[in-house]
Amino acid sequence: MRIKIKSLLFLSLICALTSCGSTQKFPMARFTTPETSGFGITKLETGVVKTIRLQPSPDLRDQNIIDEPVIGSSYASFLKPAFGLSDSLDFELYFGIQQAIQGAIKFQLFGDPAISAGAGNFSLAVRIGYSFYVSGEEINAGEVYGEPRIDRELIIESGYGTYELISGYRFTESLLIFIGVFKDDGRYNLKFKEGLRTAIAHEFVTFGQNFGVQLIKGNLMTTLNGAVGSFEVTNKNKKENFFDFGLSFGLLF
């Protein structure tokens, strides 16, 4: 009984951190501009984005779990803070419901940071990050199809690296246009801790192009971002093309 209580407490904790559920969402429009925040400056963005939605199996309530991913799309909210470690270096975080927690470093190769950039500023940056997702789900015996009808408890662990190259140009002091390319590469693992011995493991890779426009007025900013490319579960030879987009509002302070 004590082990069961500890297991349930642990499951509740990880669900609180990342939102419970076996479905994970992957943001393709990632609101990465080529301008860092500026030394000592914090940037805080929040918004809504269309994402890739990955289900590990068509239905985890089946008697026999099919190891076949289902790829779709869904909208999700996010929060993205960034901290200016220098005029050319930012440390960024990303949080979102049913999305991985991401940490990343953005290094600006050319141009001025956002806090001081003016009209005619050309900027180029690289961004490298890692995302991890830990979650869980309980399926009651009454929801299970077929026999045996017993409770199921599962844990999901996912992680992937992110690599981006972004360039941009300020046509006016307030208008920044940017484009970029990116690649994500990672894995998705699901294990049943109770009720089944089934394990699911998927490997995935994403290639895409980002493009967007950012309006900056003083310390306020609004960003419209789009992305096109492909999401592939490589161990299943399953590939889906995407056109995703999102809108965010932010503050430099």
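In this text the structure is predicted, and so the values were computed from the model without any measurement.
- Salt bridge absent: Asp244 and Arg30 never bring a charged side-chain N and a carboxylate O closer than 4.0 Å.
- Without hydrogens or angle criteria, Ser57 side chain to Leu60 main chain gives no donor-acceptor distance under 3.5 Å.
- Cluster annotation: Leu89 and Phe91 are assigned to the same hydrophobic cluster (Ile/Leu/Val/Met/Phe/Trp/Tyr, side-chain heavy-atom contacts under 4.5 Å, transitive).
- If you chain together hydrophobic residues whose side chains sit under 4.5 Å apart, Leu175 and Phe178 never meet in one group.
- Using cut-offs of 30° and 60° on the angle between ring planes, the pair Phe171 and Tyr169 is perpendicular.
- Within the 4.5 Å cutoff, the side chain of Phe211 has no heavy atoms near those of the Val213 side chain.
- Side chain of Lys25 to main chain of Leu54: no donor-acceptor pair is present (N/O by atom type, distance under 3.5 Å, no hydrogens or angles).
- Looking at Lys236, its side chain does come within 3.5 Å of a backbone N or O of Asp67 through a donor-acceptor pair.
- Judged by distance alone, with hydrogens and angles left aside, the side-chain atoms of Asp184 form no donor-acceptor pair with the main-chain N or O of Val205 at under 3.5 Å.
- A distance of 5.5 Å separates CD1 in Ile139 from CG in Leu154, rounded to the nearest 0.5 Å.
- Atom CD1 of Ile179 has 12 or fewer neighbouring heavy atoms from other residues, nucleotides or ligands inside a 6.0 Å radius.
- Judged by distance alone, with hydrogens and angles left aside, the side-chain atoms of Asp185 form no donor-acceptor pair with the main-chain N or O of Gly161 at under 3.5 Å.
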Checklist entry - Given the rule in the side-chain contact (heavy atoms from CB on, under 4.5 Å) test, do Val233 and Asn235 qualify, once you have shown the distances and angles that lead to the verdict? => result CA-CA 6 Å; Val233 181; Asn235 62 313; 3.3 Å; yes
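- Proximity of a side-chain donor or acceptor of Asn121 to a complementary backbone N or O of Gly111 within less than 3.5 Å is not detected.
- Closest of all the heavy-atom pairs between Ala76 and Gln99 is CB-NE2, 3.3 Å.
- By the 30° and 60° cut-offs, the orientation of the rings of Phe26 relative to Phe231 is tilted.
- His202 contributes a side-chain N or O that, together with a main-chain N or O of Pro56, makes up a donor-acceptor pair within less than 3.5 Å.
- Two residues are said to be in side-chain contact when any heavy atoms from C-beta on lie closer than 4.5 Å; Met221 and Leu44 fail this criterion.
- With hydrogens and angles ignored, the 3.5 Å screen pairs a side-chain donor or acceptor of Thr36 with a backbone N or O of Asp87.
- Salt-bridge annotation for Lys106 and Glu92: present, with a side-chain N of the basic residue lying under 4.0 Å from a carboxylate O of the acidic one.
- Partner of Tyr160 under the ring pair (Phe, Tyr, Trp, His ring centres under 6.0 Å) criterion, out of Phe182, Tyr133, Tyr130, Phe204: Phe204 alone.
- With a 6.0 Å radius and a threshold of 12 heavy atoms from other residues, nucleotides or ligands, Glu143 has its CD atom above the threshold.
- Val181 is not listed as a side-chain neighbour of Asn210, based on a closest heavy-atom distance of 4.5 Å or more.
- Around the CZ atom of Phe122, the shell of radius 6.0 Å holds more than 12 heavy atoms that belong to other residues, nucleotides or ligands.
- For Tyr94 and Phe78, the ring centers sit closer than 6.0 Å to each other.
- The minimum heavy-atom distance linking Asp90 with Gly38 is given by the pair OD1-N, 4.3 Å.
- When all heavy atoms of Ile65 and Asp62 are compared, the closest pair comes out as CD1-O, 3.6 Å.
- Annotation for Phe31 and Asn225: closest pair N-OD1, 2.7 Å, computed over non-hydrogen atoms.
- For the pair Pro69 and Tyr188, the minimum side-chain heavy-atom distance is 4.5 Å or more.
- No single ILVMFWY cluster, assembled from side-chain heavy atoms under 4.5 Å apart, contains both Val70 and Ile200.
- Closest heavy-atom contact between Ser131 and Ala100: CB-CB, 3.6 Å.
- Looking at every heavy atom in both residues, Ser167 comes nearest to Pro34 through C-CG, 3.6 Å.
- A donor-acceptor contact closer than 3.5 angstrom is absent between the side chains of Ser230 and Asn241.
- Looking only at side-chain heavy atoms (C-beta outward), Ile156 and Asn189 stay at 4.5 Å or farther from each other.
- Rounding to the nearest 0.5 Å gives a distance of 12.0 Å between CD of Gln55 and CG of Leu190.
- Summarising the local packing, NZ of Lys238 is surrounded by more than 12 heavy atoms from other residues, nucleotides or ligands at distances under 6.0 Å.
- We find the OG-CD1 distance between Ser22 and Ile155 to be 11.5 Å, quoted to the nearest 0.5 Å.
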Item to check | Ser88 and Gln108: CA distance, side-chain angles, deciding distance, side chain to side chain donor-acceptor pair (under 3.5 Å) verdict | outcome: CA-CA 5 Å; Ser88 59; Gln108 187 171 340; over 6 Å; no
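- Taken to the nearest 0.5 Å, the CD1 atom of Ile128 stands 10.0 Å off from the CD atom of Glu164.
- Distance alone, capped at 3.5 Å, is enough to place a donor-acceptor pair between the Ser158 side chain and the Arg187 backbone.
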Next on the checklist: Between Thr206 and Met28, does the side-chain contact (heavy atoms from CB on, under 4.5 Å) criterion hold? Intermediate values first, please.
Outcome noted: CA-CA 9 Å; Thr206 299; Met28 299 295 106; 3.3 Å; yes
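- Taking hydrophobic clusters as Ile, Leu, Val, Met, Phe, Trp and Tyr residues chained together by side-chain heavy-atom distances below 4.5 Å, Phe132 shares a cluster with Leu93.
- Taking 4.5 Å as the limit, some side-chain heavy atom of Glu35 sits within range of a side-chain heavy atom of Leu176.
- With rounding to the nearest 0.5 angstrom, the CG atom of Asp151 is 11.5 Å from the CG atom of Leu196.
- Residues Tyr163 and Ile105 do not share a hydrophobic cluster, clusters being chains of Ile/Leu/Val/Met/Phe/Trp/Tyr side chains in contact below 4.5 Å.
- The local environment of NZ in Lys239 is sparse, with at most 12 non-hydrogen atoms from other residues, nucleotides or ligands closer than 6.0 Å.
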Item to check | Residues Gln102, Thr162; criterion side-chain contact (heavy atoms from CB on, under 4.5 Å); working and verdict | outcome: CA-CA 9 Å; Gln102 183 181 100; Thr162 296; 3.4 Å; yes
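- For the atom pair CZ (Arg127) and CG (Leu165), the distance works out to 13.0 Å, reported to the nearest 0.5 Å.
- For the pair Asn64/Tyr145, no side-chain contact is recorded, criterion being any heavy-atom separation below 4.5 Å from C-beta on.
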Next on the checklist: Pair Arg53, Thr23 - check side-chain contact (heavy atoms from CB on, under 4.5 Å), show working.
Outcome noted: CA-CA 7 Å; Arg53 183 176 183 271; Thr23 297; 3.4 Å; yes
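- At a threshold of 4.5 Å between non-hydrogen side-chain atoms, the residues Lys80 and Lys43 do not count as touching.
- In the displayed structure, Phe110 atom CZ is contacted under 6.0 Å by at most 12 heavy atoms of other residues, nucleotides or ligands.
- Residues Arg152 and Glu137 are not paired through a salt bridge, judged by the lack of any N-O separation under 4.0 Å between the basic side chain and the carboxylate.
- Using modelled atom types, one side-chain atom of Thr51 and one backbone atom of Ser74 make a donor-acceptor pair closer than 3.5 Å.
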